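As the structure is a computational prediction, the values presented were derived from the model and not from experiment. Excluded from the calculations below are hydrogen atoms, water molecules and symmetry mates; all remaining heavy atoms, backbone and side chain alike, are included.
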Amino acid sequence: ELSGRRAEYLDQARELFVELLHDSNLTDKIDENLYAALAVAAIKRGAFAEAIGHYRQAERVVHARGQVDPDIIHNLVVAGLAHEGSVDVDFEALLDEAASCGVTSDPTLSERLQALRAVVCAKRGNLEAARSHLSIVGHGSSVCADVLFRAAQELTTSLPLNVDRDASHHVEQMFMLALAHSTNETKTTILISLAGLHYSLGRYGEALAELSSVEQTPINHPRLAVEMSWCLGQMGMQDQAEQVLRSAASLPIPDSALLSPSSLKDFFYYRGFAAWLLGEVVQSQRDFLDSRYPHHRDYPLVARRHLPQMSSGRVGTLLKRSLRFLG
């Protein structure tokens, strides 16, 4: 949890877990929780194959006692679904095993297992079965939205959506399933990601409509403005693009009491991005530093992905000028 504030805490925790694991004086005290902790640390680093290995070891420790831990099985399936490579995991058998054990510390586990069954079906292209599994869970369950949304996001980076119409339709349907089960708190994030999918497929009007449907607040407005400006620029609506960017770049910092650390980072990043697209270099550099975003998210690196389709119009001209200025 602390690694969300300072990244180095994650490495420190992992090193401590490994020391505990190899301490011969603690051999009889090591249980599945230490392997699960190592798995969480691996997931936070994006090392899903490593996480799967740790969860499997945790599962073996539990089995050696003649028991079943549905929470560990749930997390093993989540890690397996998130892993982009080939995974030797029998998802259905694991989910059946977890469902057969009613002892759990998570009151939402049965819903999560049902949602995972839907994800397994959806990732295999069987959307009818996915909907059938979801129909068992309450329509307003945020559990379904969360699990489906994460799976859809992972598929957008692992499938050739631009050349495979069936794959793009499949992922789009997963987003729509997640949206159907979303709450007010999760709906905004899902809509923005769905808009990103449609933008990547060249469906700029749909992406713009989805972004426009999000309730704008001083906190999320800069991000919405930048995302909308890409769509407007692609559609040749340069004046409107510049207008939304100027409204975002001029926003004052919201009351810090209303902002989480991550929301404040996003506010500075996207307000700076709006300023950068308008050629206001000083503000953009200051906001980017205040955002503490990693260097691989530098504005020029992100903007270059949009430049080929935005070669004309004022926003396209500003974008090219900014790229020349900042390299």
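- Judged by distance alone, the side chain of Ser250 and the main-chain N or O of Arg246 form a donor-acceptor pair under 3.5 Å.
- The aromatic rings of Phe273 and Tyr269 sit perpendicular to each other, their planes meeting at more than 60°, with 30° as the lower class boundary.
- Taking every heavy atom of both residues into account, Ile190 and Ala178 meet most closely at CD1-O, 3.8 Å.
- Although no hydrogens or angles enter the test, the distance criterion places a donor-acceptor pair under 3.5 Å between the side chain of Ser247 and the main chain of Val244.
- Taking 4.0 Å as the cut-off between side-chain N and carboxylate O, Arg14 and Glu19 do not count as a salt-bridged pair.
- Panel note: side chain Asp287, backbone Ser284; no donor-acceptor pair is recorded below 3.5 Å.
- Of the possible donor and acceptor atoms, none in the side chain of Glu227 sits under 3.5 Å from a partner among the backbone N and O of Leu211.
- With a 4.5 Å cut-off on side-chain heavy atoms, Phe175 and Leu197 count as touching.
- A salt bridge between Asp298 and Arg304 is absent, with no side-chain N of the basic residue lying under 4.0 Å from a carboxylate O of the acidic one.
- Other residues, nucleotides and ligands place no more than 12 heavy atoms under 6.0 Å from the CD atom of Gln243.
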Given Arg286 and Gln283, is the side chain to side chain donor-acceptor pair (under 3.5 Å) satisfied, shown in steps?
CA-CA 5 Å; Arg286 184 177 62 247; Gln283 179 188 332; 5.0 Å; no
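- The closest side-chain heavy-atom distance from Ile253 to Arg271 is below 4.5 Å.
- Put simply, the side chain of Leu251 reaches to within 4.5 Å of the side chain of His221, judged on heavy atoms.
- Placement of Leu116 and Ile72 within a single hydrophobic cluster is found when ILVMFWY residues are connected by side-chain heavy-atom separations under 4.5 Å, directly or transitively.
- Between Arg203 and Glu210, no side-chain nitrogen of the basic residue sits less than 4.0 Å from a carboxylate oxygen of the acidic one, so the salt-bridge criterion is not met.
- Using a 4.0 Å cut-off between charged nitrogen and carboxylate oxygen, Lys187 and Glu215 do not count as a salt-bridge pair.
- Ring-plane geometry between Tyr299 and Trp276 is classed as tilted, the angle between the planes lying from 30 to 60 degrees on a 0 to 90 degree scale.
- Heavy atoms only, all atoms of each residue included: Tyr55 and Val40 are closest at OH-CG2, 3.8 Å.
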Tyr199/Tyr204 under ring pair (Phe, Tyr, Trp, His ring centres under 6.0 Å): CA gap, chis, key distance, verdict:
CA-CA 5 Å; Tyr199 179 91; Tyr204 308 123; 5.2 Å; yes
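- Counting only heavy atoms from C-beta outward, the side chains of Trp230 and Leu277 approach each other to under 4.5 Å.
- Residues Ile30 and Val62 are members of separate hydrophobic clusters, defined by side-chain heavy-atom contacts under 4.5 angstrom among Ile, Leu, Val, Met, Phe, Trp and Tyr.
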Test side-chain contact (heavy atoms from CB on, under 4.5 Å) applied to Arg297 and Val302, step by step
CA-CA 6 Å; Arg297 294 293 300 275; Val302 176; 4.2 Å; yes
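- Distance CD/Glu172 to CG/Leu201: 7.5 Å, rounded to 0.5 Å.
- Under the 4.0 Å criterion applied to side-chain N and carboxylate O atoms, Glu32 and Arg65 are assigned as salt-bridge partners.
- Using a 4.5 Å heavy-atom threshold, the side chains of Asp90 and Glu92 count as touching.
- In this structure, CG on Leu95 lies 9.5 Å from CG on Leu76, to the nearest 0.5 angstrom.
- Atom CD1 of Ile73 is separated from atom CG of Leu113 by 8.5 Å, given to the nearest 0.5 angstrom.
- With sequence neighbours excluded, no residue forms a salt bridge (Lys or Arg N to Asp or Glu O under 4.0 Å) with Glu15.
- Ala249 approaches Ala274 most closely through the heavy-atom pair N-CB, 4.0 Å.
- Contact between His295 and Leu301 at its shortest, heavy atoms only, is O-CD1, 3.7 Å.
- Among all heavy-atom pairs drawn from Ser263 and Ile219, the shortest one is CB-CG2, 4.0 Å.
- Tyr35 is linked by a ring pair (Phe, Tyr, Trp, His ring centres under 6.0 Å) to nothing, counting only residues two or more places apart in sequence or in another chain.
- Residues Ala207 and Cys231 approach most closely at CB-SG, 3.7 Å, considering heavy atoms.
- At a threshold of 4.5 Å between side-chain heavy atoms, the hydrophobic network of Ile, Leu, Val, Met, Phe, Trp and Tyr places Val120 and Phe48 in one connected group.
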